[in-house]
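Here the structure comes first, spelled out in C-alpha coordinates, and everything after it is commentary.
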Amino acid sequence: MEHRLDRIKKELHAQGYKLTPQREATVRVLLEREEDHLSAEDVYLLVKDKAPEIGLATVYRTLELLTEIKIVDKINFGDGVSRYDLRKEGAKHFHHHLVCTECGSVEEIMDDLLEDVESIVQSDWGFLVKDHRLTFHGICQKCQDRICRNCEAKKLAAK
Ligand SMILES: [Zn+2]
Ligand SMILES: [Zn+2]
Ligand SMILES: [Zn+2]
(Lines give C-alpha, C1' and ligand atoms only; values in the text may rest on other atoms or scores of the structure.)
(Ligands and ions follow the chains in the order given, each with its own letter.)
Protein backbone atom coordinates (compact mmCIF):
# COMPACT_ATOMS: atom_id res chain seq x y z
CA MET A 1 0.00 0.00 0.00
CA GLU A 2 2.82 2.45 0.86
CA HIS A 3 4.42 1.55 -2.44
CA ARG A 4 1.25 2.34 -4.37
CA LEU A 5 0.67 5.51 -2.39
CA ASP A 6 4.19 6.51 -3.35
CA ARG A 7 3.51 5.87 -7.03
CA ILE A 8 0.34 7.96 -6.87
CA LYS A 9 2.26 10.71 -5.08
CA LYS A 10 4.85 10.71 -7.89
CA GLU A 11 2.10 10.76 -10.49
CA LEU A 12 0.49 13.79 -8.81
CA HIS A 13 3.87 15.56 -8.66
CA ALA A 14 4.49 14.81 -12.33
CA GLN A 15 1.21 16.57 -13.12
CA GLY A 16 2.07 19.52 -10.90
CA TYR A 17 -0.02 18.58 -7.84
CA LYS A 18 0.93 17.88 -4.24
CA LEU A 19 -0.23 14.99 -2.11
CA THR A 20 -1.78 17.14 0.62
CA PRO A 21 -2.93 15.40 3.84
CA GLN A 22 -6.55 15.62 2.62
CA ARG A 23 -5.66 14.06 -0.72
CA GLU A 24 -3.60 11.39 1.02
CA ALA A 25 -6.52 10.47 3.31
CA THR A 26 -8.75 10.13 0.24
CA VAL A 27 -6.22 8.02 -1.68
CA ARG A 28 -5.72 5.76 1.36
CA VAL A 29 -9.45 5.05 1.55
CA LEU A 30 -9.50 4.18 -2.16
CA LEU A 31 -6.54 1.82 -1.70
CA GLU A 32 -8.03 0.18 1.40
CA ARG A 33 -11.41 -0.33 -0.23
CA GLU A 34 -10.22 -1.05 -3.72
CA GLU A 35 -12.78 -3.80 -4.30
CA ASP A 36 -15.72 -1.66 -3.28
CA HIS A 37 -16.50 0.82 -6.09
CA LEU A 38 -17.33 3.61 -3.66
CA SER A 39 -19.46 6.67 -4.38
CA ALA A 40 -18.20 10.14 -3.42
CA GLU A 41 -20.41 10.01 -0.28
CA ASP A 42 -19.02 6.57 0.66
CA VAL A 43 -15.47 7.87 0.30
CA TYR A 44 -16.32 10.98 2.28
CA LEU A 45 -17.73 9.02 5.24
CA LEU A 46 -14.64 6.79 5.35
CA VAL A 47 -12.22 9.71 5.01
CA LYS A 48 -14.04 11.55 7.80
CA ASP A 49 -13.15 8.71 10.18
CA LYS A 50 -9.47 9.43 9.55
CA ALA A 51 -9.66 13.19 9.11
CA PRO A 52 -12.81 14.59 10.78
CA GLU A 53 -12.06 18.17 9.64
CA ILE A 54 -12.36 17.26 5.96
CA GLY A 55 -15.43 18.37 3.98
CA LEU A 56 -17.41 16.60 1.26
CA ALA A 57 -16.46 19.30 -1.28
CA THR A 58 -12.73 18.66 -0.67
CA VAL A 59 -13.15 14.90 -1.06
CA TYR A 60 -15.20 15.47 -4.19
CA ARG A 61 -12.56 17.78 -5.70
CA THR A 62 -9.83 15.26 -4.91
CA LEU A 63 -11.80 12.48 -6.61
CA GLU A 64 -12.32 14.67 -9.68
CA LEU A 65 -8.61 15.52 -9.77
CA LEU A 66 -7.65 11.84 -9.48
CA THR A 67 -10.08 11.07 -12.32
CA GLU A 68 -8.63 13.83 -14.48
CA ILE A 69 -5.10 12.50 -14.16
CA LYS A 70 -6.33 8.92 -14.67
CA ILE A 71 -5.41 7.46 -11.30
CA VAL A 72 -9.09 6.77 -10.80
CA ASP A 73 -11.88 5.94 -13.23
CA LYS A 74 -15.41 7.11 -12.73
CA ILE A 75 -17.99 4.46 -13.44
CA ASN A 76 -21.75 4.18 -13.34
CA PHE A 77 -23.43 0.80 -13.09
CA GLY A 78 -26.81 2.11 -14.25
CA ASP A 79 -28.13 3.09 -10.81
CA GLY A 80 -27.39 6.78 -11.36
CA VAL A 81 -24.53 6.78 -8.83
CA SER A 82 -21.02 7.72 -9.95
CA ARG A 83 -18.46 5.39 -8.41
CA TYR A 84 -14.71 5.77 -8.23
CA ASP A 85 -12.49 2.89 -9.20
CA LEU A 86 -8.70 2.87 -8.89
CA ARG A 87 -6.93 2.02 -12.12
CA LYS A 88 -4.94 -1.18 -11.82
CA GLU A 89 -1.23 -0.58 -11.96
CA GLY A 90 0.20 -1.17 -15.40
CA ALA A 91 -3.19 -1.85 -17.00
CA LYS A 92 -3.45 -0.36 -20.47
CA HIS A 93 -7.27 -0.38 -20.51
CA PHE A 94 -10.02 -0.25 -17.90
CA HIS A 95 -11.01 -3.59 -16.35
CA HIS A 96 -14.46 -5.14 -16.87
CA HIS A 97 -17.24 -5.52 -14.34
CA LEU A 98 -19.78 -8.25 -13.63
CA VAL A 99 -22.77 -6.70 -11.89
CA CYS A 100 -25.27 -9.08 -10.30
CA THR A 101 -28.87 -7.95 -10.81
CA GLU A 102 -29.97 -10.08 -7.81
CA CYS A 103 -27.59 -9.06 -5.01
CA GLY A 104 -25.80 -6.07 -6.53
CA SER A 105 -22.34 -7.59 -6.10
CA VAL A 106 -19.63 -6.38 -8.46
CA GLU A 107 -16.81 -8.60 -9.62
CA GLU A 108 -13.86 -7.49 -11.70
CA ILE A 109 -12.21 -9.12 -14.70
CA MET A 110 -8.61 -8.04 -14.99
CA ASP A 111 -7.83 -9.71 -18.31
CA ASP A 112 -8.66 -7.39 -21.18
CA LEU A 113 -10.32 -10.14 -23.33
CA LEU A 114 -11.04 -7.53 -26.01
CA GLU A 115 -7.89 -7.53 -28.13
CA ASP A 116 -9.72 -9.19 -31.06
CA VAL A 117 -12.66 -6.78 -30.83
CA GLU A 118 -10.29 -3.83 -30.60
CA SER A 119 -8.44 -4.85 -33.74
CA ILE A 120 -11.76 -5.30 -35.63
CA VAL A 121 -12.87 -1.83 -34.52
CA GLN A 122 -9.54 -0.47 -35.67
CA SER A 123 -9.46 -2.22 -39.04
CA ASP A 124 -13.18 -1.93 -39.95
CA TRP A 125 -13.94 1.51 -38.53
CA GLY A 126 -10.47 3.04 -38.66
CA PHE A 127 -11.01 3.93 -35.02
CA LEU A 128 -8.03 3.90 -32.68
CA VAL A 129 -9.18 2.34 -29.40
CA LYS A 130 -7.70 4.05 -26.36
CA ASP A 131 -9.98 2.60 -23.70
CA HIS A 132 -13.38 1.05 -23.06
CA ARG A 133 -16.04 0.40 -20.47
CA LEU A 134 -17.56 -3.05 -20.30
CA THR A 135 -20.14 -4.00 -17.71
CA PHE A 136 -21.96 -7.32 -17.82
CA HIS A 137 -25.32 -7.44 -16.06
CA GLY A 138 -26.42 -10.88 -14.93
CA ILE A 139 -26.63 -13.33 -12.07
CA CYS A 140 -23.56 -14.17 -10.00
CA GLN A 141 -22.56 -17.71 -9.12
CA LYS A 142 -23.84 -17.40 -5.52
CA CYS A 143 -27.26 -16.14 -6.61
CA GLN A 144 -27.53 -18.83 -9.27
CA ASP A 145 -26.93 -21.42 -6.54
CA ARG A 146 -29.44 -19.75 -4.21
CA ILE A 147 -32.13 -19.41 -6.91
CA CYS A 148 -31.51 -22.98 -7.92
CA ARG A 149 -31.93 -24.17 -4.32
CA ASN A 150 -35.25 -22.29 -4.14
CA CYS A 151 -36.36 -24.09 -7.28
CA GLU A 152 -35.47 -27.40 -5.70
CA ALA A 153 -37.36 -26.47 -2.53
CA LYS A 154 -40.46 -25.50 -4.53
CA LYS A 155 -40.33 -28.69 -6.48
CA LEU A 156 -40.14 -30.68 -3.25
CA ALA A 157 -43.00 -28.69 -1.65
CA ALA A 158 -45.20 -29.29 -4.72
CA LYS A 159 -44.85 -33.04 -4.37
ZN1 LIG B 1 -13.60 -2.07 -10.83
ZN1 LIG C 1 -8.69 -3.33 -24.17
ZN1 LIG D 1 -25.63 -12.14 -6.84
Side-chain angles (χ1 to χ4, degrees), residues 1-12 15 19 23-47 49-50 56 59-156:
M1 169 136 155
E2 293 310 310
H3 156 83
R4 289 191 69 190
L5 188 72
D6 216 48
R7 299 269 293 246
I8 292 170
K9 187 176 174 179
K10 285 202 182 102
E11 188 57 37
L12 276 164
Q15 308 273 346
L19 185 65
R23 285 176 186 157
E24 179 172 333
T26 304
V27 170
R28 279 185 185 278
V29 162
L30 292 171
L31 285 167
E32 280 163 16
R33 304 290 293 266
E34 186 161 14
E35 313 295 301
D36 290 350
H37 302 94
L38 302 169
S39 69
E41 285 73 22
D42 295 336
V43 175
Y44 166 65
L45 291 174
L46 291 163
V47 171
D49 281 345
K50 295 176 194 291
L56 176 61
V59 170
Y60 189 74
R61 274 199 304 274
T62 300
L63 290 170
E64 289 300 302
L65 170 66
L66 294 171
T67 306
E68 212 177 286
I69 64 175
K70 296 195 161 45
I71 287 168
V72 156
D73 275 292
K74 212 194 244 189
I75 188 162
N76 191 315
F77 291 134
D79 56 2
V81 179
S82 292
R83 298 168 190 285
Y84 295 87
D85 204 358
L86 271 179
R87 278 207 161 227
K88 308 302 171 199
E89 243 178 276
K92 196 166 109 225
H93 292 159
F94 197 41
H95 54 269
H96 313 314
H97 293 98
L98 308 176
V99 178
C100 179
T101 52
E102 296 291 320
C103 68
S105 71
V106 179
E107 280 179 87
E108 299 185 323
I109 299 180
M110 297 306 163
D111 293 330
D112 195 315
L113 308 174
L114 290 179
E115 271 97 6
D116 291 348
V117 177
E118 286 163 14
S119 66
I120 291 170
V121 168
Q122 273 166 223
S123 61
D124 291 9
W125 278 272
F127 186 85
L128 179 64
V129 175
K130 303 281 265 181
D131 207 356
H132 41 62
R133 292 279 185 282
L134 181 56
T135 305
F136 292 95
H137 300 268
I139 304 175
C140 75
Q141 191 70 59
K142 265 190 199 149
C143 288
Q144 286 178 55
D145 292 347
R146 181 174 50 78
I147 290 164
C148 201
R149 272 203 306 279
N150 286 344
C151 295
E152 292 303 317
K154 269 183 207 147
K155 267 188 236 156
L156 284 175

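Atom set for the values below is all heavy atoms of this structure, side chains included, hydrogens, waters and symmetry mates excluded. All ligand and atom numbering here is 1-based and tracks the order in the structure.
- The Zn ion (ligand 2) has no N, O or S atom of E115 inside 2.8 Å of it.
- Vertex the Zn ion (ligand 2); arms to D112 atom OD1 and H93 atom ND1; angle 150° (nearest 10°).
- Side chain of T67 to backbone of D73: no donor-acceptor contact under 3.5 angstrom is found.
- Atom CG of residue L63 and atom CG of residue L38 lie 9.0 Å apart, to the nearest 0.5 angstrom.
- Our summary of the site lists the angle at the Zn ion (ligand 3) between SG of C103 and SG of C143 as 110°, to the nearest 10 degrees.
- Look at K130 and E118 and you find no salt bridge, because none of the NZ, NE, NH1 or NH2 atoms lies under 4.0 Å from a carboxylate O.
- Less than 2.8 Å away from the Zn ion (ligand 1), the protein contributes these N/O/S atoms: H37 NE2, D85 OD2, H95 NE2, H97 NE2, E108 OE2.
- Residues E32 and K50 are paired through a salt bridge, judged by an N-O separation under 4.0 Å between the basic side chain and the carboxylate.
- Salt bridge R28/E24: present, at least one basic N to carboxylate O contact under 4.0 Å.
- Angle NE2(H132) to the Zn ion (ligand 2) to OE2(E118), rounded to 10°: 90°.
- Ring-plane geometry between F77 and H97 is classed as perpendicular, the angle between the planes exceeding 60 degrees on a 0 to 90 degree scale with a lower cut at 30.
- Between E64 and Y84, the side chains place a donor N or O and an acceptor N or O closer than 3.5 Å (distance only, hydrogens not considered).
- Applying the 6.0 Å contact sphere to NZ of K70 captures no more than 12 heavy atoms from other residues, nucleotides or ligands.
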